[in-house]
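Okay, so here's the structure we're looking at.
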Number of protein chains: 2
Amino acid sequence: MSETEIFKVLADPTRRAILERLSAGEATATDLREGFAITQPAMSQHLAVLRGAGLVSERREGRFAHYRVDPDGFAPLHQWLGRYRAFWPDRIDNLKDLLREMDQ
Amino acid sequence: MSETEIFKVLADPTRRAILERLSAGEATATDLREGFAITQPAMSQHLAVLRGAGLVSERREGRFAHYRVDPDGFAPLHQWLGRYRAFWPDRIDNLKDLLREMDQ
DNA sequence: TCGACTCATAAGTCTGTGCTTATGTGTTAG
DNA sequence: CTAACACATAAGCACAGACTTATGAGTCGA
């Protein structure tokens with residue numbers, strides 16, 4: 001997916017909130033509506049957009065649609081941001097350092 | 001700056017191209033227009049937006065305005081993305097193996 | 001089988017945004 | 001001083017996107 005699309009998708013606060021909710025685990029479209037002041041079609045449309053961007057994957061089970069975060073979808077964003085990581089002397093500046101952090 | 005604003009700002013391909021141009025070093029608004037098929041006001045507006053989001057800083061010198069990347073502006077984005085880095089253990093492990101191979 | 005249920009799609013509305021042209025403000029060169 | 005220059009701002013237009021209500025498609029329980 002293009003960087004433009006991913007940024008557009010994530011520019012919506014509702015969609016980012018959905019992702020945050022899904023980061024706690026899989027959920028159905030109806031489960032997700034809890035806590036959101038939006039209609040069912042709105043939620044369905046948001047999920048379709050997230051799915052189209054590859055940030056979320058769907059698992060159908062009867063009449064239920066289970067959604068979950070698709071980590072691979074974030075790769076382009078991470079890669080893009082990496083180009084500006086060179087500007088952060090204090091922060092991690094390459095993957096090896098990141099991995100050393102994770103080893104601890 | 002809010003995450004929503006930063007994502008909105010970066011969702012525009014022209015603005016991301018401006019940032020990429022500025023990552024090579026400081027430039028004036030007129031310098032930046034080179035290679036872009038946009039009018040002077042359009043460039044000015046984009047730069048104002050980037051500045052408003054804290055992604056770019058401005059240095060006035062006479063009638064010239066020099067712009068450059070402001071690394072701190074990317075911090076919220078990096079922080080947000082970091083919340084989803086936890087979903088990459090498998091991918092990172094694979095990369096770890098790859099790096100170990102490369103080290104030998 | 002029938003009705004409730006889960007989700008998706010269609011169509012219309014409204015707002016936001018990126019573009020344009022026109023103009024304003026300040027600066028420098030001749 | 002004046003004209004050219006660099007940039008910002010104003011106003012208007014066109015398109016994209018997020019929402020709504022209405023409806024369709026498929027699934028399950030009684």
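Chain letters run A, B, ... following the sequence lines, proteins first, then strands; residues in each count from 1. Just the heavy atoms: all of them, side chains too, but no hydrogens, waters or symmetry mates, feed the values below.
B:L47 has its CG atom 12 Å from the P atom of C:dC19, to the nearest Å. Between the CE atom of A:M43 and the P atom of D:dT20 there is a distance of 11 Å, given to the nearest Å. The CD-P distance, from B:E34 to D:dA6, rounds to 12 Å in whole Å. Between the CD1 atom of B:I38 and the P atom of C:dT20 there is a distance of 8 Å, rounded to whole Å.
Contact check, B:H46 against C:dT17: no side-chain N or O comes under 4.0 Å of OP1 or OP2. Considering only side-chain N and O atoms, A:R15 lies under 4.0 angstrom from the phosphate OP1 or OP2 of D:dA18. Remark: A:R33 is not in phosphate contact with C:dT6, judged by side-chain N or O atoms under 4.0 Å from OP1 or OP2. Under 4.0 angstrom from either OP1 or OP2 of D:dA6 there lies no side-chain N or O belonging to B:Y67.
Checked by atom type and distance alone, the side chain of B:R33 pairs as donor or acceptor with a backbone atom of B:I38 at under 3.5 Å. Judged purely by atom type and a 3.5 angstrom limit, A:R16 uses its side chain to pair as donor or acceptor with the backbone of A:L10.
On a pure distance criterion of 3.5 Å, a polar donor-acceptor pair joins the side chain of A:R63 and the base of C:dC5. Residue B:Q40 places no side-chain atom within donor-acceptor reach of the base of C:dT21, judged by atom type and a 3.5 Å distance cut-off alone.
Residue contacts shown for A:E58 are limited to sugar-phosphate atoms, with no base heavy atom under 4.0 Å away. Counting any heavy atom pair closer than 4.0 Å across all strands shown, B:R51 reaches no nucleic acid atom.
Within 6.0 Å of the CZ atom in B:R21, the count of heavy atoms belonging to other residues, nucleotides or ligands exceeds 12.
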Requested in this report: Check step by step if side-chain contact (heavy atoms from CB on, under 4.5 Å) holds for A:R83 and B:L19.
Outcome: CA-CA 10 Å; A:R83 291 199 259 169; B:L19 280 175; over 6 Å; no

